[in-house]
Number of protein chains: 2
Amino acid sequence: MNGEGRDVGPGARESRPPSGTPLARRAGVALYEEVKADLTRRLVAGESPPGVKLPSEASLAQGYGTNRLTVRRALADLARGGVVRTEHGVGTFVREPSVRHRIDDGQGSLSESMAERGLSVVHQVIEVTEEPSATGPPEFPRWPGATVRLRHRRSLEDTPWSLSEAVLPAALAPRDWDGTESPFTRLTRDTGIAVRRARRSFSADAATADDARWLDIQTGTPLLIVTGVNTDAEGNDLAHIQHHTRADRTEYVVNLLV
Amino acid sequence: MNGEGRDVGPGARESRPPSGTPLARRAGVALYEEVKADLTRRLVAGESPPGVKLPSEASLAQGYGTNRLTVRRALADLARGGVVRTEHGVGTFVREPSVRHRIDDGQGSLSESMAERGLSVVHQVIEVTEEPSATGPPEFPRWPGATVRLRHRRSLEDTPWSLSEAVLPAALAPRDWDGTESPFTRLTRDTGIAVRRARRSFSADAATADDARWLDIQTGTPLLIVTGVNTDAEGNDLAHIQHHTRADRTEYVVNLLV
DNA sequence: TAGTGGTCTAGACCACTCA
DNA sequence: GAGTGGTCTAGACCACTAG
């Protein structure tokens with residue numbers, strides 16, 4: 001509680017980790033909730049800047065005079081809430097400030113609008129599967145034939161940001177995609193077809209184990225799910241897209257009034 | 001796997017609960033993930049229609065030949081994912097079909113568009129606080145003076161659906177609001193001012209303990225967070241709104257092309 | 001190899017619901 | 001009071017990371 005600044009030594013990232021205190025237990029409130037509240041108080045209160053390593057679970061448990069599992073439960077909740085981040089075999093850290101990347105609605109692609117702000121976007125292809133036209137649920141009247149399912153990961157500033165999927169006619173799928181631009185920017189460059197973002201649908205869901213692995217988050221963490229359709233200038237469906245986006249880094253802004 | 005129908009007896013809700021099987025463990029996959037996968041297989045595969053009560057945690061644990069805590073961990077994940085629902089002292093149940101209420105973008109209020117589909121919407125006032133104009137962050141140029149913060153819960157078909165907050169000039173806040181219509185529908189009826197939905201921002205977050213209590217869900221469950229501004233016909237800000245919406249029941253559809 | 005988080009067990013007690 | 005989910009403990013072992 002002394003008013004000294006956070007004068008951390010060179011390279012030091014350990015400044016003032018929360019240590020144990022006797023918890024004031026209230027009737028009807030679970031112990032792990034108390035631990036969670038106490039940790040939140042200490043972390044959010046700013047005593048521990050982002051990146052600070054928390055004491056080990058064992059020592060936290062000892063400090064609180066409780067079981068390690070109780071501490072783990074509190075930490076798991078905080079991780080799902082985006083307050084801390086755990087690394088297996090390394091430790092638990094205060095999360096970087098959840099800078100929410102505002103994605104203002106516009107007809108430009110994400111990569112383009114981010115580039116305008118000096119942010120780097122990288123796409124990494126995860127899986128490309130080609131399916132005969134019969135199987136895919138979406139229909140592409142003007143481009144009959146096989147469809148391609150393109151799974152890729154988008155990263156912003158080297159941080160995993162979304163797990164995305166695009167289903168589009170094989171004839172339009174980019175070849176030798178290097179990921180420096182969006183697949184649709186590439187499509188326009190290759191074919192001259194203008195891509196327009198049409199319907200968008202928003203929901204949320206818990207991260208699956210697969211989501212978690214690719215997005216470097218914990219299973220169960222809330223994701224913003226954006227699905228939609230891209231069309232050409234005439235309004236014909238070009239592609240069906242789905243993004244599983246890290247909610248702690250995303251805010252999708254739409255202007256309903258034009 | 002037999003093809004019989006789900007001829008449940010009168011009042012019976014117990015048809016074919018998943019019982020224990022020896023789990024095929026795979027290297028590197030946690031036991032609770034296997035349990036989760038097995039339960040999901042059985043439930044989603046349709047062997048157990050919504051509302052069916054699962055066996056108790058103790059008997060599931062015995063059936064799987066594992067510890068109760070392992071089963072609990074699997075069930076907690078499924079609950080966060082909206083697959084099952086637990087009731088303290090009663091049991092665990094397969095969730096009602098996650099009918100995603102599509103909220104097509106339109107200028108009508110939620111209550112109105114839902115009423116058109118024969119769905120009932122009920123608003124329940126949780127808290128009304130009046131604040132002097134100086135404190136509230138939003139500014140309402142045309143209506144100076146105190147602002148009112150209106151917290152309410154919206155339920156669809158008797159199911160909690162969103163925890164909502166509206167901040168608007170005290171002069172416009174509805175008096176004696178009975179909750180049968182949206183506060184803004186009421187505002188239009190009272191004052192004749194047309195309310196337009198302007199900017200909307202979408203994100204997701206984990207349910208806090210408070211969210212969880214009001215929405216009848218589990219802490220940590222993903223919520224769709226919709227914030228925005230309502231304006232009058234001239235585009236002046238009328239109110240700032242925020243909805244914490246149950247993601248398992250929501251899909252917010254926006255048409256970007258007009 | 002030491003330290004960390006990840007998983008799992010066995011058992012206990014409590015809080016809640018309902019017959 | 002029986003049965004259910006909710007919490008908590010003590011202790012064990014594993015998987016991963018880094019010096």
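Each chain gets a letter, A, B and so on, in the order its sequence line appears, and its residues count up from 1.
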Chemist: What's the CZ-C1' distance between B:Phe93 and D:dG5, to the nearest Å?
Modeler: 11 Å
Chemist: Reading 5' to 3' and counting Watson-Crick or G-U wobble pairs with both distances under 3.5 Å, write the dot-bracket notation for DNA chain D, | for bases paired outside the strand.
Modeler: ||||||||||||||||||.
Chemist: Please evaluate residues B:Leu69 and A:Leu69 with respect to the criterion side chain to side chain contact (heavy atoms under 4.5 Å, CB included), reporting the C-alpha separation (whole Å), side-chain torsions for both, the decisive distance (0.1 Å), and the verdict.
Modeler: CA-CA 11 Å; B:Leu69 220 57; A:Leu69 220 57; 3.8 Å; yes
Chemist: With rounding to the nearest 0.5 angstrom, report the CH2 to NE2 distance, A:Trp177 to A:His123.
Modeler: 5.5 Å
Chemist: Just how far, in rounded Å, is C1' of C:dG11 from CD of B:Gln62?
Modeler: 15 Å
Chemist: Does a side-chain N or O of A:Thr92 approach OP1 or OP2 of C:dT4 to a distance below 4.0 Å, or not?
Modeler: no
Chemist: Please report the distance, rounded to the nearest Å, between CG in A:Leu31 and P in C:dA15.
Modeler: 14 Å
Chemist: Measure the OG1-CG distance between A:Thr221 and A:Asp211 for me, rounded to the nearest 0.5 Å.
Modeler: 9.5 Å
Chemist: Working to the nearest 0.5 Å, report the span between CD of B:Glu33 and OG1 of B:Thr40.
Modeler: 9.5 Å
Chemist: As an exercise, state the distance from CG of A:Leu60 to CG of A:Leu39, rounded to the nearest 0.5 Å.
Modeler: 6.0 Å
Chemist: Return the CG to CZ distance between B:Asp176 and B:Arg186, rounded to the nearest 0.5 Å.
Modeler: 6.5 Å
Chemist: In terms of side-chain heavy atoms of B:His88, which of D:dT17, C:dA15, C:dC8 is nearest?
Modeler: C:dA15
Chemist: Rounded to the nearest Å, what distance is computed from the CD atom of residue A:Glu34 to the P atom of nucleotide D:dT7?
Modeler: 13 Å
Chemist: So does B:Tyr32 get a side-chain nitrogen or oxygen closer than 4.0 Å to the phosphate oxygens (OP1/OP2) of C:dC8?
Modeler: no
Chemist: Give the C-alpha distance, both sets of side-chain angles, the deciding distance and a yes or no for side chain to side chain contact (heavy atoms under 4.5 Å, CB included) between A:Ile225 and A:Gln242.
Modeler: CA-CA 7 Å; A:Ile225 313 288; A:Gln242 177 172 56; 4.0 Å; yes
Chemist: Considering only side-chain heavy atoms of B:Ser56, which listed nucleotide, D:dG5, C:dG6, D:dC8, is closest?
Modeler: D:dG5
Chemist: Which whole-number value in Å describes the distance from A:Leu54 CG to C:dG3 P?
Modeler: 19 Å
Chemist: Hey, does A:Asp77 have a side-chain heavy atom less than 4.5 Å from the side chain of A:Val83?
Modeler: no
Chemist: If each of A:Glu87 and A:Val29 is mapped to the nucleotide of DNA chain D with the nearest heavy atom, which maps nearer the 5' terminus, i.e. the 5' end?
Modeler: A:Val29
Chemist: Rounded to whole Å, please give me the gap between CG in A:Leu60 and P in C:dG6.
Modeler: 13 Å
Chemist: Is there a residue in residues 66-74 of chain A whose heavy atoms reach under 4.0 Å of DNA chain C, and which residues are they?
Modeler: A:Arg68, A:Leu69, A:Arg72
Chemist: Is the backbone of A:Thr66 close enough, under 3.5 Å, to the side chain of A:Thr70 for a donor and an acceptor to pair up by distance?
Modeler: no
Chemist: Just the rounded figure in Å: distance from C1' of D:dA15 to CZ of A:Arg213.
Modeler: 17 Å
Chemist: Tell me: CD of B:Glu57 to P of C:dT9, nearest whole Å?
Modeler: 14 Å
